[in-house]
Asker: 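Attaching a single structure in structure tokens format; questions to follow.
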Number of protein chains: 2
Amino acid sequence: MKLTAKGQATRQRIIEGAAAHLRSDDAGGVTLDDIRAITGTSKGQIFHYFPDGKEELFLAVARFEADRVLADQRPHLGALTSWTAWERWRDAVVARYRAQGRSCPLGVLMNELGGTPGAHEVISTLLARWQAELRRGVLDMQEAGLVRAGVDADRMSAALIAGIQGGVQVLRSTGSAAHLEAVLDVLVDHLRS
Amino acid sequence: MKLTAKGQATRQRIIEGAAAHLRSDDAGGVTLDDIRAITGTSKGQIFHYFPDGKEELFLAVARFEADRVLADQRPHLGALTSWTAWERWRDAVVARYRAQGRSCPLGVLMNELGGTPGAHEVISTLLARWQAELRRGVLDMQEAGLVRAGVDADRMSAALIAGIQGGVQVLRSTGSAAHLEAVLDVLVDHLRS
DNA sequence: GGCTTTCTAGACCAGCCGGTCCACTCCTAC
DNA sequence: GTAGGAGTGGACCGGCTGGTCTAGAAAGCC
């Protein structure tokens, strides 16, 4: 399929409009017609730009949102080379998800996409990239002598990923970021000890 | 509504049948008709025992499943008074969720129930009870002098809850229990240090 | 300027699914 | 045994939703 500049713009508008809607509170059970209305497009356009329909569109939105997750942690995530950097990063993560509140675009997308392989792939890729950056951070701290060498960077970064995911999930259920803060604090403390 | 013994049995059969189906692999997008077929009942019965329909039924199933979550951690969860008890508990949690694999009954139910207040309440209650038992365990260890007094039992138990939730979520996405094991190991290590 | 391709629009369709309704059976109390 | 309520069965309905199709407007290309 060839896309003119105009076409590109429309396609992008659909993705970003859908993403924006998912970030709103009442995102449960999004329908193609919702997206159509929000983005000011027509059924024809949606299927023109996403021939495989819902799944293809939602997958595109998921990728878009996944990129945002990491982008929102910049620049801290990329340079975890001091304790202040770690603190800043921790605060950025907490702030991001606190702002997001109970809504969770990627969560909704995963529901909607069910267990399609593509969906798992998007999440897996995101988690892998995220963890790799955290791992790099742990290693950097070790090389700088700020973290004792006995710490297993792989295990530590995996624990951080799990902790964040769980903290966010609890935040979605209870509306409180206490768990997210607790797990990050404990894990960073552990790193520090 | 009056329920005879037979009625009770049928109602329970519906709940347990639905729960069993949710524990299977292809549980995404469960429909009342699925449950009707699996439990060998009729539309009439479902609405007879759950007048509010889907939401009421799924909420009942969610409560049933939530109880199972804690039950599956017995007896360890109730007596975390030694390091071996903690290890056993950790192993029980990992084993339970590893066996559960990618499917997650409560997760599916939460999807289906959307953000209804009842759904959040079930999850919140489960997490609160779970965390209270872990907190008790930490305190017991401190009273026995096995954990240093400086550890904040509230924060530690919150971190464990978040870690488990996240580990399970990653397990659902990637199929690997590595993150769950990592976060539990790191957190228990931290407790031990 | 005319031909082709892309872009936009919205009517329309078919299947699914939660929920209603009524008819029938079975149990129990008196 | 009979009346009334509980239990059971399944036809039926209405709305929603993903997806199709046709057809016209706009834009690129020579």
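The structure displayed is predicted, hence computed values, not measured ones. Convention: sequence-line order gives letters A, B, ...; per-chain numbering from 1.
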Asker: Which nucleotide in the set C:dT6, D:dG19, D:dG7 lies at the smallest distance from any side-chain heavy atom of A:Leu32?
Answerer: D:dG19

Asker: Could you tell me the separation between the NE2 atom of B:His48 and the P atom of D:dG5, rounded to a whole number of Å?
Answerer: 13 Å

Asker: What's the closest nucleotide to the side chain of B:Gln45 if the choices are D:dT8, C:dG19, D:dA6?
Answerer: D:dT8

Asker: Does either side chain, that of B:His179 or that of A:Gln131, offer a donor lying less than 3.5 Å from an acceptor on the other one?
Answerer: yes

Asker: So, does A:Thr31 get its side chain near the phosphate of D:dG18, meaning an N or O under 4.0 Å from OP1 or OP2?
Answerer: yes

Asker: From CZ of A:Phe50 over to C1' of C:dC7, roughly how many Å is that when rounded to an integer?
Answerer: 14 Å

Asker: Given A:Gln100, which partner from the list A:Arg102, A:Arg98, A:Arg96 fulfils the side chain to side chain donor-acceptor pair (under 3.5 Å) test?
Answerer: A:Arg96

Asker: When you compare the side chain of B:Leu191 with that of B:Trp86, does any pair of heavy atoms fall below 4.5 Å?
Answerer: yes

Asker: To the side chain of B:Lys6, which of C:dT8, C:dC7, C:dC26 is closest?
Answerer: C:dC26

Asker: Tell me the interatomic distance from A:Leu57, atom CG, to D:dT17, atom C1', rounded to whole angstroms.
Answerer: 14 Å

Asker: Can you list the steps and then say if A:Thr41 with A:Ile46 is a side-chain contact (heavy atoms from CB on, under 4.5 Å)?
Answerer: CA-CA 7 Å; A:Thr41 51; A:Ile46 291 184; 4.3 Å; yes

Asker: Answer yes when B:Arg68 and B:Glu16 have at least one side-chain N-carboxylate O distance shorter than 4.0 Å, and no when they do not.
Answerer: no

Asker: Tell me the interatomic distance from B:Lys2, atom NZ, to C:dC27, atom P, rounded to whole angstroms.
Answerer: 18 Å

Asker: Could you state the atom-to-atom distance from CD1 of A:Ile46 to P of D:dT20 in whole Å?
Answerer: 13 Å

Asker: Within the structure shown, what part of the strands sits under 4.0 Å from A:Lys54 by heavy-atom distance: base, sugar-phosphate, or nothing?
Answerer: sugar-phosphate

Asker: So, OP1 or OP2 of C:dT8: does either fall under 4.0 Å of a side-chain N or O from A:Thr10?
Answerer: yes

Asker: Between D:dA26, C:dC26, C:dG19, which nucleotide has the shortest distance from any of its atoms to the side chain of B:Phe47?
Answerer: C:dG19

Asker: Looking at B:Tyr49, I'd like to know whether one of its side-chain N or O atoms comes within less than 4.0 Å of OP1 or OP2 on D:dT8.
Answerer: yes

Asker: If you assign A:Asp33 and A:Gly44 each to the DNA chain D nucleotide with the nearest heavy atom, which residue ends up on the more 5' nucleotide?
Answerer: A:Asp33

Asker: Taking only side-chain nitrogens and oxygens of B:Thr4, does any of them come within less than 4.0 Å of OP1 or OP2 of C:dT28?
Answerer: no

Asker: Could you state the CZ-P distance from A:Arg36 to C:dG10, rounded to the nearest angstrom?
Answerer: 8 Å

Asker: Take atom CZ of B:Phe58 and atom P of C:dC17, then tell me their distance rounded to the nearest Å.
Answerer: 11 Å

Asker: Quick check: any donor-acceptor pair below 3.5 Å linking the side-chain of A:Lys43 to the base of D:dG19?
Answerer: yes

Asker: Take the protein atom CG of A:Asp52 and the nucleotide atom P of D:dT20, then report the distance between them rounded to whole Å.
Answerer: 9 Å

